[in-house]
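Heads up, the thing below is written out as structure tokens.
So that the names make sense, note that chain A is the first sequence line, chain B the second, and so on, each numbered from 1. Given the structure is predicted, the values throughout are model-derived calculations rather than measurements.
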Amino acid sequence: MDWTYWLFLLLKMVIVLGWALLMVPLLIYMERKVLADFQARIGPNRVGPVGILQPIADGIKLLLKEDLLPAKADKYVHFLAPLVAVVPAFLALSVVPFGPITHKETGTGYFVTHVNVGLLFILGLGSLNVYAITLAGWASNNKYSLMGGIRSSAQMISYELSMGLALIPVLMIAGSLDLVRIVENLGVAKGEGLSRLLLTVPLTISFVIYCICGVAETNRAPFDFPEAESELVAGFHTEYSSMRFALFFLSEYVNMITVCALATTLFLGGWKFPFVPETGPFPLLVFLAKVMIGLYGYMWMRATWPRLRYDRLMKLGWTRLLPIALANIILTGILMIAFQ
Amino acid sequence: MTYFSSVEGSLFLITALVAVVSAVMVITQRNPVYSALFLVLTFCALAVLYLLLGAQFIAMVQVIVYAGAIMVLFLFVIMLLNLDRPLETQSKLKHQRLVAGVLAAVLLVEMIYLLHRGLPTTGTQPSPPRNFGTVEEVARVLFRDFVLAFEVTSIVLLIGMIGVIVLAKRHLDEKKAAAPERILSPLRKE
């Protein structure tokens with residue numbers, strides 16, 4: 001516990017934070033180009049070569065805009081809401097394992113920290129995310145904002161439940177909540193031959209449920225109800241502008257990264273890939289590649305599917321995903337006992 | 001004063017201060033939304049205190065269950081019932097302040113007495129086992145030593161859930177009996 005330990009920790013935090021902050025403009029550019037491609041358009045192509053500087057121009061525009069506060073809004077909560085959105089979003093990245101443990105004796109590796117309850121930590125921060133949108137909706141003193149906020153709290157609570165239940169089969173098989181240990185254990189714990197084949201079935205079901213819930217949790221299309229433009233103007237962020245809106249935007253993209261990183265860690269083998277060595281920069285590259293594929297999936301979904309109707313969203317969550325996730329846990333238990 | 005000058009001790013001091021101040025704010029704020037928010041802050045501070053005690057699992061459950069789920073529902077109800085304006089009317093319960101004051105005084109006297117008598121020092125107590133408070137240890141105790149209590153608690157919770165559904169559904173059934181068409185399609189215009 002000397003000063004080099006703290007310096008090293010600080011350095012890792014700065015690197016992860018910087019990476020996330022750099023990813024966001026990249027993702028915005030990528031999203032606009034991907035959407036343009038799906039819609040047979042060219043997309044941004046004016047600022048810089050092939051429009052690569054467009055997100056920076058957008059960012060400068062956002063920061064220079066006037067910061068508006070509605071006359072009867074609750075100014076403290078209105079100020080607090082974007083912060084509540086951003087802080088948990090970045091905190092969640094601190095337990096994401098980008099690679100294996102490199103020094104066995106000190107327990108350090110390609111991650112900021114690894115804790116015994118890493119998965120619960122991310123789920124807990126995710127549950128705090130509901131506050132940001134609910135409070136933003138309430139504090140704006142605008143009926144569309146309030147509607148968006150209330151919709152979001154109902155939606156996020158419903159889908160959080162299914163998401164938590166979908167993760168349980170992974171925990172049962174890996175036998176740990178530590179994200180590093182899950183990646184290490186999962187491949188071995190599935191056993192060989194028939195056991196490996198059959199245990200993949202509940203994990204695949206879990207993966208599909210997790211992906212659906214992950215999209216709903218981050219309020220992205222086709223589950224972007226809190227800000228459904230055609231019904232609610234812009235939902236919870238109708239009364240937000242300038243920097244405060246930028247913070248909501250930032251947190252949405254960072255949350256997408258977290259959901260994809262968690263999917264990579266729990267279902268896609270983390271930093272592992274056949275025939276790729278687990279040394280040097282390779283684990284990092286494999287992990288980042290898997291995360292990018294997940295993020296492309298997000299954009300693909302947004303371009304392909306229309307928004308659900310609100311009652312069908314709730315019906316899907318409570319009467320389809322939740323029972324399937326529960327049955328999946330029982331199935332996992334039976335299979336695990338059968339192959340013990 | 002060695003404990004309070006360590007990293008852990010100063011973290012404890014800060015977190016305890018946040019917990020106490022926000023707990024006081026919960027009962028002094030006039031706006032129910034502010035009260036609820038300060039309660040969330042109290043819960044988060046408590047979670048950090050649990051972490052300092054080595055109870056990682058309890059800390060996370062505290063955040064997920066209390067801060068993440070229960071308080072969101074509180075806020076939901078406050079917003080939906082339009083309670084989000086400062087309450088001007090006095091509370092209907094008479095002598096509420098008096099009773100609360102007496103109870104608080106009793107608790108304070110109790111605490112002062114205990115502190116005066118001296119808390120058991122760490123030397124006389126066995127130090128907690130390694131891995132104390134991790135998920136594995138909590139599960140081992142919960143599912144081996146206290147499995148009966150655990151199962152009974154789950155059944156009590158199940159009864160609570162069924163009770164809520166029965167109560168809510170009776171209300172719905174009455175409405176349906178009164179105007180079956182209305183319930184089935186609230187948007188249909190005659």
If we define contacts as heavy-atom pairs under 4.5 Å, which of Leu120(A), Asn116(A), Leu80(A), Val117(A) has the most with chain B? Asn116(A)
When Gly137(A), Gly124(A), Gly164(A), Gly175(A) are compared by non-hydrogen pairs under 4.5 Å with chain B, the top option: Gly124(A)
Residues in salt bridge (charged side-chain N to carboxylate O under 4.0 Å, His left out) with Asp145(B), at least two apart? none
Is [X] in contact with chain A via its backbone, its side chain, both, or neither, using a 4.5 Å heavy-atom distance?
X        : answer
Gln62(B) : neither
Phe57(B) : both
Val40(B) : side chain

Is it true that, when you exclude Phe74(B) itself, more than 12 heavy atoms of the residues, nucleotides or ligands shown sit nearer than 6.0 Å to its CZ? no
Measure the [atom1]-[atom2] distance between [X] and [Y] for me, rounded to the nearest 0.5 Å.
X         : Y         : atom1 : atom2 : value
Asn31(B)  : Tyr76(A)  : CG    : OH    : 12.0 Å
Ile64(B)  : Leu125(A) : CD1   : CG    : 9.0 Å
Ser127(A) : Met60(B)  : OG    : CE    : 10.5 Å

Engaged part of [X] at the chain B interface, taking heavy atoms whose separation is under 4.5 Å:
X         : value
Tyr131(A) : side chain
Ile150(A) : both
Val130(A) : side chain
Ile157(A) : side chain

Trp138(A) and its side-chain contact (heavy atoms from CB on, under 4.5 Å) partner, picked from Leu75(B), Val33(B), Ile78(B): Val33(B)
Assert top hit (heavy-atom pairs under 4.5 Å, partner chain A, pool Val72(B), Val63(B), Leu73(B), Val65(B)) equals Val72(B)
Considering only residues two or more places apart or on different chains, which pairs with a residue in residues 65-81 of chain B satisfy side chain to side chain donor-acceptor pair (under 3.5 Å)? none
May I ask you to test the Leu135(A)-Leu37(B) pair for a side-chain heavy-atom distance under 4.5 Å? yes
